[in-house]
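Read the structure below first, then the notes.
As a basis for the values below, the full set of heavy atoms in this structure was taken, side chains included, without hydrogen atoms, waters or symmetry mates. A note on names: the letters A, B, ... follow the listed sequences, proteins ahead of strands, and every chain is numbered from 1.
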Amino acid sequence: MVLKVASWNVNSLNVRLPHVLQWLDSEKPDIVGLQETKLQDEKFPYRAFVDQGYEAVYSGQKTYNGVALLAKQGHELRKVLTDIPNMEDPQRRIIAAEIAGIRILNLYVVNGQAVGTDKYDYKLDWLERVTAFIEADMKKYPKYMIMGDFNIAPDDADVHDPEAWKDQILCSSPERAALDGIKELGFKDTFRLFEQKPQSFSWWDYRAAAFRRNIGLRIDLLLASDQLATSCTGSWVDREPRTWERPSDHAPVICEFDLADFTQSS
DNA sequence: ATGGTGGTAGGACCA
């Protein structure tokens, strides 16, 4: 059983719905996490996804943030959760479900604005609380994926100009240490399990023709628990939707698993 | 790369 999993910051699902539907039609992923939907739940285009062959759960708000999980019909979404213990946050950045026997946690990590700001402190605190949640939650799910817009470039290899970005937001050591703290619970960055082209990014600023010049960062990640990672057969960035008219500033990231060795538990 | 754009709004904020 091949399972194709993707994560995409769509920067307004209202604007990007046609892109997402077209992309689902061509790529046919089994599981998709969306971030920055920017839609209240009552405005979520649930019917459009059902018509496309997907079940959806979502947690949104007006103007900012908002996350959703899609699963191809036939994969049930169970144990859905949009809030975690010890964090009362009106910002809708978290959604988790159990799909095909795998725990899927979809995150829109706080951006943080700039090192040293209140938003930066909120980011680090938010990551600490999410990490504590994962540590407890993963005891129940040996097969566990954390996906999303992490707003952290894990390493200098994920940055177009590491010198310019040194100690800046998305690249600072405390942010990277927070990401390492999650990985040290027992997760692999699936992208780095495979040989990749240098200068592979998932986000390019809208300004300064950054995409054309490949001035970007890799901040959209698919982390798989160690047990799951052994079944990962590929992980890549799909740059194509970033070339479409009026695109999101992020490209979708995708990974595939061959779960033939596992007994199907859904 | 330090806002040159874009989204949500309908001015300012967020990224």
Side-chain angles (χ1 to χ4, degrees), chain A residues 7-21 23 33-45 48 58-68 89-94 106-127 130 147-172 174-176 178-179 199-221 237 239-253:
Chain A
S7 172
W8 193 3
N9 180 322
V10 294
N11 187 19
S12 169
L13 187 56
N14 194 34
V15 173
R16 232 64 67 191
L17 182 62
H19 281 198
V20 176
L21 294 177
W23 187 78
L34 302 176
Q35 305 89 34
E36 281 205 272
T37 55
K38 299 185 176 179
L39 285 175
Q40 288 168 292
D41 289 347
E42 52 270 32
K43 300 202 171 159
F44 189 88
Y58 38 91
S59 176
Q61 66 184 89
K62 208 169 161 179
T63 310
Y64 303 118
N65 309 313
V67 285
D89 192 351
Q91 301 194 22
R92 303 289 81 196
R93 299 178 173 277
I94 297 173
N106 178 31
L107 303 177
Y108 174 46
V109 174
V110 177
N111 174 285
Q113 193 175 52
V115 174
T117 62
D118 288 350
K119 292 198 182 88
Y120 182 76
D121 293 341
Y122 166 52
K123 180 179 197 171
L124 295 179
D125 180 66
W126 190 92
L127 284 164
V130 169
M147 60 162 69
D149 176 357
F150 279 72
N151 270 315
I152 301 169
D155 190 81
D156 282 353
D158 303 304
V159 181
H160 71 94
D161 184 348
E163 271 310 302
W165 281 89
K166 189 174 160 57
D167 299 327
Q168 301 301 303
I169 195 66
L170 315 184
C171 298
S172 73
E175 292 168 85
R176 286 178 170 172
L179 177 59
Q199 306 284 107
S200 290
F201 307 126
S202 66
W203 168 82
W204 303 261
D205 198 292
Y206 283 121
R207 293 160 292 187
F211 181 65
R212 183 178 57 72
R213 298 158 62 200
N214 198 32
I215 292 171
L217 302 177
R218 191 175 69 90
I219 56 178
D220 298 274
L221 309 178
V237 179
R239 293 167 55 100
E240 201 200 310
R242 190 63 175 79
T243 69
W244 295 348
E245 197 178 339
R246 208 180 176 191
S248 168
D249 45 351
H250 296 251
V253 293

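The phosphate of B/dT8 has OP1 or OP2 within less than 4.0 Å of a side-chain N or O from A/Ser12.
Here the CH2-OG distance, from A/Trp8 to A/Ser202, works out to 12.5 Å after rounding to the nearest 0.5 Å.
For the pair A/Thr37 and A/Val110, both in contact range of DNA chain B, the more 5′-proximal nearest nucleotide belongs to A/Thr37. Each of A/Asn14 and A/Asn65 lies near DNA chain B, and the nucleotide nearest A/Asn14 is the one positioned closer to the 5' end.
Note on A/Gln168: a base of the nucleic acid sits closer than 4.0 angstrom, heavy atoms only. Using a 4.0 Å heavy-atom criterion, one finds that A/Phe211 contacts no nucleic acid atom at all. The residue A/Asp205 sits close to a base: some heavy atom pair falls under 4.0 Å. Counting any heavy atom pair closer than 4.0 Å across all strands shown, A/Trp203 reaches a base atom.
Look at CD on A/Glu175: it is 14 Å from C1' on B/dA15, rounded to the nearest Å. Across the protein-nucleic acid pair, A/Trp165 atom CH2 and B/dA15 atom C1' stand 11 Å apart, rounded to whole Å. The distance between atom CG of A/Asp161 and atom P of B/dA1, rounded to the nearest whole Å, is 8 Å. Between A/Asn111 atom CG and B/dT2 atom C1' the separation is 13 Å, expressed in whole Å.
Side-chain polar atoms of A/Arg93 and A/Asn65 form a donor-acceptor pair below 3.5 angstrom.
The side chain of A/Tyr206 lies closest to B/dT5, out of B/dA15, B/dT5, B/dA9. For A/Lys38, the listed nucleotide lying nearest its side chain is B/dG7; candidates were B/dA9, B/dG7, B/dG4. Checking B/dA1, B/dG7, B/dC14 against every side-chain atom of A/Arg213, the shortest atom distance belongs to B/dA1. In this structure, of B/dA9, B/dT5, B/dG7, it is B/dA9 that holds the atom nearest to the side chain of A/Lys62.
The aromatic rings of A/Trp165 and A/Trp203 sit perpendicular, their planes meeting at an angle over 60°, well past the 30° parallel limit.
Closest non-hydrogen pair, A/Lys43 versus A/Leu39, comes out as O-CD1, 3.8 Å. Scanning both residues, A/Ile152 and A/Glu175, for their nearest heavy atoms gives CD1-O, 3.4 Å.
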